[in-house]
Protein chains: 2
Amino acid sequence: MATTKRNLADKAHTRDGPRHQAENLSQTRREHATEIAEDYVEAIAYLSASMGEARVVDLARRLGVTHVTVNRTVARLQRDGYVTTQPYRAIFLTERGRKLAEESRERHETVVAFLRSIGVPERVAELDAEGIEHHVSPETLNVFRRILSHPQKI
Amino acid sequence: MATTKRNLADKAHTRDGPRHQAENLSQTRREHATEIAEDYVEAIAYLSASMGEARVVDLARRLGVTHVTVNRTVARLQRDGYVTTQPYRAIFLTERGRKLAEESRERHETVVAFLRSIGVPERVAELDAEGIEHHVSPETLNVFRRILSHPQKI
DNA sequence: TGAATTATGTATCAGAAGCTACATTTATTT
DNA sequence: AAATAAATGTAGCTTCTGATACATAATTCA
Ligand SMILES: [Mn+2]
Ligand SMILES: [Mn+2]
Ligand SMILES: [Mn+2]
Ligand SMILES: [Mn+2]
């Protein structure tokens with residue numbers, strides 16, 4: 001009748017349910033997988049708009065990585081249908097890439113605006129938003145939007 | 001006097017300053033590096049408290065990965081001074097690990113509570129918080145806390 | 001106690017994302 | 001047009017984080 005190690009495991013099962021926790025973490029890992037794609041297409045869209053085209057060096061500067069990393073990642077983005085490129089040429093978004101870029105930009109701006117609206121200083125809001133944005137679900141984003149459209153001090 | 005490609009690059013430099021953007025993204029990458037450590041020590045602390053000890057299988061179940069991944073990651077956590085283990089034994093937090101676990105738990109709960117307080121449904125709040133928590137700076141966390149201590153509907 | 005089950009460990013692979021060093025191509029300047 | 005500078009590409013290395021397949025140790029149960 002001794003309390004064995006494996007008995008203990010069974011109890012905890014009912015207590016909290018590790019299922020939920022595992023699902024939450026799996027979801028977070030999935031979001032990480034798309035995170036770089038989102039930041040890249042956002043940067044490509046920005047550079048294309050502000051200076052006519054997106055070149056590897058400009059991307060590297062803006063993203064804070066070497067041109068080698070940009071090169072390989074762009075190849076992956078092309079493989080996944082977000083961009084088109086040719087050797088020694090600029091990078092262009094596909095329709096799919098443009099769509100993701102636009103969604104990402106809008107969400108990014110909403111997160112920054114929301115943080116600002118509750119009193120987070122601009123620099124901090126921009127810094128935190130860069131990571132937070134990728135983990136904000138459509139539901140939560142809608143809550144942010146609703147609060148932003150409700151101009152009342154907190 | 002033709003507008004060359006490299007002329008364009010110089011202009012955009014002044015426009016937005018890619019420095020900030022690069023620094024934001026670098027910070028996010030740094031946060032990702034500590035993210036797994038945070039989730040692991042949090043899970044180890046939880047299992048230790050709720051069932052006496054943290055075993056590899058329980059961690060694997062809770063984290064939604066295989067026991068192989070847990071094994072390797074725990075080895076890294078040990079290398080970095082967060083846990084101690086011996087073959088076929090449970091995993092124990094070091095002082096450093098306990099401290100990180102406690103901070104992570106507190107921050108995690110604050111993020112969930114904040115999202116709940118602005119109207120995000122519980123399930124969604126828990127899901128989003130799992131990713132958001134790692135990118136919330138101390139400043140932003142304080143803003144969250146202040147709003148939580150201010151019991152007024154938004 | 002011995003067999004069966006469960007837990008843990010190890011070998012090996014894969015892909016993502018970073019890097020440095022060096023080669024090649026393109027653009028600018030003289 | 002040739003020389004120089006800048007951009008792009010490629011080879012090869014590292015770490016992290018996931019996986020499967022198989023081996024060994026520990027625990028449970030008949
Ligand atoms: Mn962004
Ligand atoms: Mn981002
Ligand atoms: Mn957590
Ligand atoms: Mn987390």
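So you know, we letter chains A, B, ... as the sequences are listed, proteins then strands, and number each from 1. All values reported here derive from a predicted model rather than from experimental measurement.
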**OP:** May I have the distance from B/R55 (atom CZ) to D/dT27 (atom C1'), rounded to whole angstrom?
**Re:** 10 Å
Original post:
Between C/dA17 atom C1' and A/L63 atom CG, what is the distance in whole Å?
Top reply: 13 Å
Original post:
Between C/dT10, D/dT8, C/dA17, which one does the side chain of A/V57 approach most closely?
Top reply: D/dT8
Original post:
Can you tell me if A/N24 and A/R29 form a side-chain donor-acceptor pair at under 3.5 Å?
Top reply: no
Between protein and nucleic acid, restricted to nucleotides 1-4 of chain D and to nitrogen or oxygen atoms under 3.5 Å apart, what atom pairs and distances do you find?
none

Original post:
Any luck finding a side-chain donor-acceptor pair between A/Q78 and A/T85 under 3.5 Å?
Top reply: yes
Original post:
If you check the B/Y88 side chain, which of D/dT24, D/dT8, C/dC19 turns out closest?
Top reply: D/dT24
Original post:
Any N or O donor-acceptor pair linking the side chain of A/R76 to the base of C/dG15 at under 3.5 Å?
Top reply: no
**OP:** Select base, sugar-phosphate, or nothing to describe what A/R72 touches, counting heavy atoms under 4.0 Å on all strands.
**Re:** base
Subject >> Nearest-nucleotide 5' precedence on DNA chain D, B/D80 against B/H67 >> reply: B/D80
Original post:
Hey, are A/Q27 and A/E31 close enough side-chain-wise for a donor-acceptor pair under 3.5 Å?
Top reply: yes
Original post:
Looking at B/T66, does any N or O in its side chain come under 4.0 Å of the phosphate oxygens OP1/OP2 on D/dA19?
Top reply: yes
**OP:** Kindly point out which of D/dT17, D/dT20, C/dA17 is positioned nearest to the side chain of B/V68?
**Re:** D/dT20
**OP:** Scan residues 103-137 of chain A for pairs that pass ring-ring contact (aromatic ring centres under 6.0 Å, His included), counting only residues two or more places apart or in two chains.
**Re:** A/H32-A/H135, A/F114-A/F144, A/H135-B/H135
Subject >> Short N-O contact, B/E53 and B/R55, less than 4.0 angstrom >> reply: yes
**OP:** To the nearest Å, give me how far apart CG (B/N71) and C1' (D/dA25) are.
**Re:** 13 Å
Original post:
NA contact type, B/R30, heavy-atom cut-off 4.0 Å: base, sugar-phosphate, or nothing?
Top reply: nothing
**OP:** For the pair A/R105 and A/E133, find out whether any cationic side-chain nitrogen is under 4.0 Å from an anionic carboxylate oxygen.
**Re:** no
Subject >> Atom pair CD/CG of A/E23 and B/L127 - distance to nearest 0.5 Å >> reply: 8.5 Å
